[in-house]
Amino acid sequence: MLINTGVPTREQLDRLLPSPERRARGPYAMVECFQEIPCNPCSTACPFDAILPMKDINEIPAIDLDRCTGCGICAGVCPGLAIFIIDESKKDGTATVTIPYEFRPLPEKGETVNAVNREGDVIGDATVTRVLASKRTKTPLITVEVPAELVHDVRFISLIDEQSFSDDTSSESQKSPVSHETAPKTDDEDEIIICRCEGLTLRVIRDLIREGYTTVDEIKRISRAGMGPCQARTCGPLIAAEIARMTGQQVAEIQPSAHRAPVKPLPIEFFLGGDSE
Amino acid sequence: MMYNIDLVIVGGGPAGLMAANTAAEAGAKVLLLERDGHLGGQLVKQTHKFFGSEKQHASMRGIDISTMLGERLDAFDGRVTVWTNATAIGFYEDGVITVDHDGVYKKVKPERVVVATGASEKFLSFPNNDLPGIYGAGAVQTMMNVYGIRPGHRVLMIGAGNIGLIVSYQLMQAGVSVAAIVEGLPHIGGYAVHACKVRRAGVPILTSHTILRADGTESVESATIARIDRSWNVIPGTKKTIDCDVICISVGLTPLAELLWQAGCEMRYIPSLGGSVPLRNDCLETTVKGVYVAGDVTGIEEASAAMVEGHLAGLEAAASLGFKSDNYDAERKDCMDQLAALRSGPTAEKIRSGLACAESR
Ligand SMILES: Cc1cc2nc3c(=O)[nH]c(=O)nc-3n(C[C@H](O)[C@H](O)[C@H](O)COP(=O)(O)OP(=O)(O)OC[C@H]3O[C@@H](n4cnc5c(N)ncnc54)[C@H](O)[C@@H]3O)c2cc1C
Ligand code: SF4
Ligand code: SF4
């Protein structure tokens with residue numbers, strides 16, 4: 001699924017596909033935006049009102065393909081880089097796809113580049129037919145010609161001498177989200193630094209908790225954890241989470257350390273100075 | 001000496017900038033404190049186009065929004081004073097704020113305060129997590145986008161929220177390769193469109209995976225990751241070593257609320273908002289009278305919401321001093337409507353439930 005892998009499913013994509021007649025007629029926009037997010041520039045930017053106005057900013061964009069001219073304005077403004085312009089009207093076995101591409105160097109017109117699919121795999125060659133670098137949106141739009149049968153798969157390009165580094169990404173979906181605060185247990189207590197400023201390991205902190213120091217302040221007083229330059233911004237939440245884990249409490253129940261001025265260590269002469277304007 | 005002023009705004013990110021603009025517009029005299037040498041907060045590092053609607057400058061890049069908001073302040077010359085390199089270091093019970101301004105100790109006594117200090121990054125515990133080459137995502141972004149320094153050659157990103165996804169994308173734009181994005185949850189937390197963007201650029205997103213350890217002699221040379229089950233137990237036989245010289249940690253932000261604790265504001269730990277947040281009323285005033293809050297310090301959200309909250313806090317703080325603009329009622333309603341719209345979708349469900357717990361009285 002999209003939210004597990006970052007790749008939309010075939011069904012999601014098929015639902016976007018226009019009728020065969022519309023596809024044969026000329027360029028159109030594929031709006032590959034499948035999640036309700038607070039975003040609407042595509043609908044306000046379309047000069048032909050083809051992307052329908054949103055009553056609620058979270059709506060998934062809906063497009064009226066009879067009004068869409070394939071002008072590509074929406075593809076340039078979309079912050080999600082989720083809009084592609086497809087042209088399948090040529091009858092010579094090729095088709096073009098226009099891709100928002102924010103990388104340097106830009107390819108040149110006529111250049112052969114790798115055609116890359118939504119998974120990041122190279123699936124063939126593509127020929128650059130247009131490079132449109134808008135000063136206003138600063139999102140260049142690259143149009144490439146590909147074999148017609150690939151036009152619904154090609155969604156990215158890479159320059160020929162660059163390598164692609166895709167990898168196995170399969171991932172079965174699992175329910176019940178767990179927060180990052182329940183970090184996995186580990187036996188490597190001596191190698192884990194909790195307080196970077198004072199160089200305190202997880203073992204030191206755990207030993208103190210076992211001895212009965214069960215508030216962040218107690219641990220701070222006995223070990224200096226949180227008294228360095230970062231003033232507990234790094235270690236404070238980690239220590240609270242560890243106390244919670246070891247004492248079977250919720251993090252919310254752990255007394256945070258007292259916050260006193262100054263919020264950063266300062267030399268004493270600073271306070272003696274002061275401004276006397 | 002003691003500086004007396006109508007309103008002090010602590011933090012010059014999108015929330016603070018909007019608060020300063022709005023309060024000055026209404027007629028208040030404002031002092032804006034920013035600990036960095038420049039205004040903009042997180043926005044300065046955001047080279048990507050923003051979501052939202054036109055009102056929150058959607059489709060503009062964060063850096064351009066920041067420049068625009070900063071320039072607007074110039075229009076109020078005389079009413080807005082900006083101190084950069086100015087850290088508010090203490091907030092005392094008598095309402096005095098102490099400041100380290102370019103190394104000089106200053107004391108300010110304002111009638112009202114808007115605290116818009118943003119957030120700090122959460123860290124992770126794993127063996128060798130102190131090796132050079134392990135950074136927070138914010139630090140990597142600052143290095144790349146503010147100072148033009150590449151953090152390394154090959155990065156392993158931990159966390160597939162919006163920040164992990166966007167920073168991965170920006171790393172690739174800077175010519176750094178991203179080996180993979182590792183995410184402990186079974187699903188990607190950030191927006192799907194961001195995930196698609198990095199996926200097609202060749203970066204695998206490994207959900208239900210975690211980092212077990214980092215290795216290297218002088219600095220990071222590799223990381224070991226593995227698949228985990230829903231209770232974060234490692235699934236045997238799934239360990240994998242990934243060569244990388246940078247490990248970038250992006251497992252969330254937590255509100256930077258020290259000054260609010262010091263001021264005595266009532267705080268509540270709300271996990272879905274990122275940590276301890278101040279209780280506040282619908283004017284964004286905390287339980288300490290005259291102390292207002294806006295932006296990520298009220299709970300981790302987005303710049304779009306931070307700007308609207310800044311607008312609202314600036315409006316209310318000024319109004320409570322008698323600087324009530326003619327269209328106060330309309331502006332207030334507009335802010336409320338924008339916030340409601342931004343928070344109405346399914347991706348904001350956590351935020352809605354968290355905010356309900358953060359209301360005072
Ligand atoms: C990688 C990334 C991508 C993002 N993408 C988007 C996006 O696409 N769309 C979106 O809407 N949002 C996005 N955000 C979120 C957005 O940047 C934040 O929500 C927003 O910046 C919060 O604004 P703020 O003003 O509350 O805090 P910040 O921007 O963090 O600003 C706080 C300011 O306060 C200053 N400060 C802190 N403490 C003190 C002190 N004691 N004294 C003086 N000054 C102090 C800090 O230096 C900082 O400048 C992104 C964030 C990141 C990290
Ligand atoms: S391609 Fe042009 S006409 Fe079609 S939806 Fe986009 S902006 Fe509108
Ligand atoms: S502008 Fe792009 S990301 Fe935003 S709603 Fe439209 S298609 Fe989706």
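Lettering of chains follows the sequences in order, A, B, ..., and the numbering in each one begins at 1. Quick caveat: nothing in here was measured; it's all calculated off a predicted structure.
No more than 12 heavy atoms of other residues, nucleotides or ligands lie within 6.0 Å of CZ in A/R260, so this atom counts as exposed by the packing criterion. For B/E349, the CD atom is loosely surrounded, since the number of other residues' heavy atoms within 6.0 Å does not exceed 12.
Cation-pi geometry between A/R118 and A/F156 is not met at under 6.0 angstrom from the ring centre and within 45 degrees of the axis.
B/F51 has its ring centre less than 6.0 Å from the ring centre of B/H194. Aromatic ring centres of A/F103 and B/Y169: separated by under 6.0 Å.
Contact of B/L131 with chain A is not made at all, since no heavy-atom distance falls under 4.5 Å. Of the atoms belonging to A/L238, it is side-chain heavy atoms, and not backbone ones, that fall under 4.5 Å from chain B. Using a 4.5 Å cut-off between heavy atoms, B/T87 touches chain A through its side chain atoms alone. Proximity to chain B involves both the backbone and the side chain of A/E36, based on heavy atoms less than 4.5 angstrom apart. Looking at A/T139, the atoms closer than 4.5 Å to chain B (heavy atoms on both sides) sit in the backbone and in the side chain alike. For a residue to count as touching a neighbouring chain, one of its non-hydrogen atoms must lie under 4.5 Å from one of that chain's; by this rule A/E253 does not touch chain B. Heavy atoms closer than 4.5 Å to chain A are found nowhere in B/A257, neither backbone nor side chain. B/R343 does not touch chain A: none of its heavy atoms, backbone or side chain, sits under 4.5 Å away. Using a 4.5 Å cut-off between heavy atoms, A/I57 touches chain B through its side chain atoms alone. Residue A/R196 touches chain B through its side chain alone, counting heavy-atom pairs closer than 4.5 Å. Using a 4.5 Å cut-off between heavy atoms, B/D100 touches chain A through backbone and side chain atoms alike. Of the two parts of B/T98, neither the backbone nor the side chain holds a non-hydrogen atom closer than 4.5 Å to a non-hydrogen atom of chain A. Contacts between B/Y191 and chain A at a heavy-atom distance below 4.5 Å involve backbone atoms as well as side-chain atoms. Only the backbone of A/N117 has a heavy atom closer than 4.5 Å to any heavy atom of chain B. Heavy atoms closer than 4.5 Å to chain A are found nowhere in B/R268, neither backbone nor side chain. For A/V116, the part lying under 4.5 angstrom from a heavy atom of chain B is the side chain only. Heavy-atom distances place the side chain of A/L266, and not its backbone, under 4.5 Å from chain B. Neither the backbone nor the side chain of B/L260 has a heavy atom closer than 4.5 Å to any heavy atom of chain A. Only the side chain of A/P256 comes within contact range of chain B, with heavy atoms under 4.5 Å apart. Interface remark: A/C42 contributes no atoms to any contact with chain B (heavy atom separation under 4.5 Å).
At distances below 3.5 Å, not a single donor-acceptor pair connects side-chain atoms of B/R230 with backbone N or O atoms of B/L185. A/E198 places no side-chain N or O within donor-acceptor distance of the main-chain N or O of A/C195, the cut-off being under 3.5 Å.
Using a 4.0 Å cut-off between a side-chain N of Lys or Arg and a carboxylate O of Asp or Glu, A/R10 and A/D153 qualify as a salt bridge.
A heavy-atom distance below 4.5 Å is found between the side chains of A/I160 and A/N114.
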Test salt bridge (Lys or Arg N to Asp or Glu O under 4.0 Å) applied to A/E242 and A/R206, step by step: CA-CA 8 Å; A/E242 201 53 43; A/R206 282 189 172 163; 2.8 Å; yes
Pair B/L253-B/S120, side-chain contact (heavy atoms from CB on, under 4.5 Å): steps then yes or no: CA-CA 5 Å; B/L253 301 172; B/S120 61; over 6 Å; no
side-chain contact (heavy atoms from CB on, under 4.5 Å) assessment of B/L259 paired with B/T117: CA-CA 9 Å; B/L259 294 172; B/T117 43; 4.1 Å; yes
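Chain A forms the most heavy-atom pairs under 4.5 Å with one residue out of B/S59, B/G52, B/C196, and that residue is B/G52. Of the residues considered (B/G189, B/G90, B/A192), B/A192 shows the highest number of contacts with chain A, using heavy-atom pairs under 4.5 Å. If you tally non-hydrogen atom pairs under 4.5 Å between each of B/E258, B/R200, B/K49 and chain A, the highest count goes to B/R200. When each of B/G175, B/A214, B/S276, B/G345 is checked for heavy-atom pairs under 4.5 Å with chain A, B/G345 comes out on top. Ranking A/E32, A/Q231, A/R136, A/E102 against chain B, the residue ahead of the rest is A/E102, based on heavy-atom pairs under 4.5 Å. Interface remark: of the candidates B/E54, B/H48, B/R213, B/R213 forms the most heavy-atom pairs closer than 4.5 Å to chain A. For the set A/D56, A/V263, A/T44, the count of heavy-atom pairs under 4.5 angstrom toward chain B peaks at A/V263.
With hydrogens and angles left out, the side-chain atoms of B/S344 and A/N58 include a donor and acceptor closer than 3.5 Å. In this model, no donor atom of one side chain and acceptor atom of the other lie less than 3.5 Å apart for B/H209 and B/E183. Side-chain atoms of A/T201 and A/E191 form no donor-acceptor pair, as typed in the model, at a separation below 3.5 Å.
Nearest heavy-atom pair, A/C33 versus A/I60, reported as atom, atom and distance to 0.1 Å: O-CG2, 3.3 Å.
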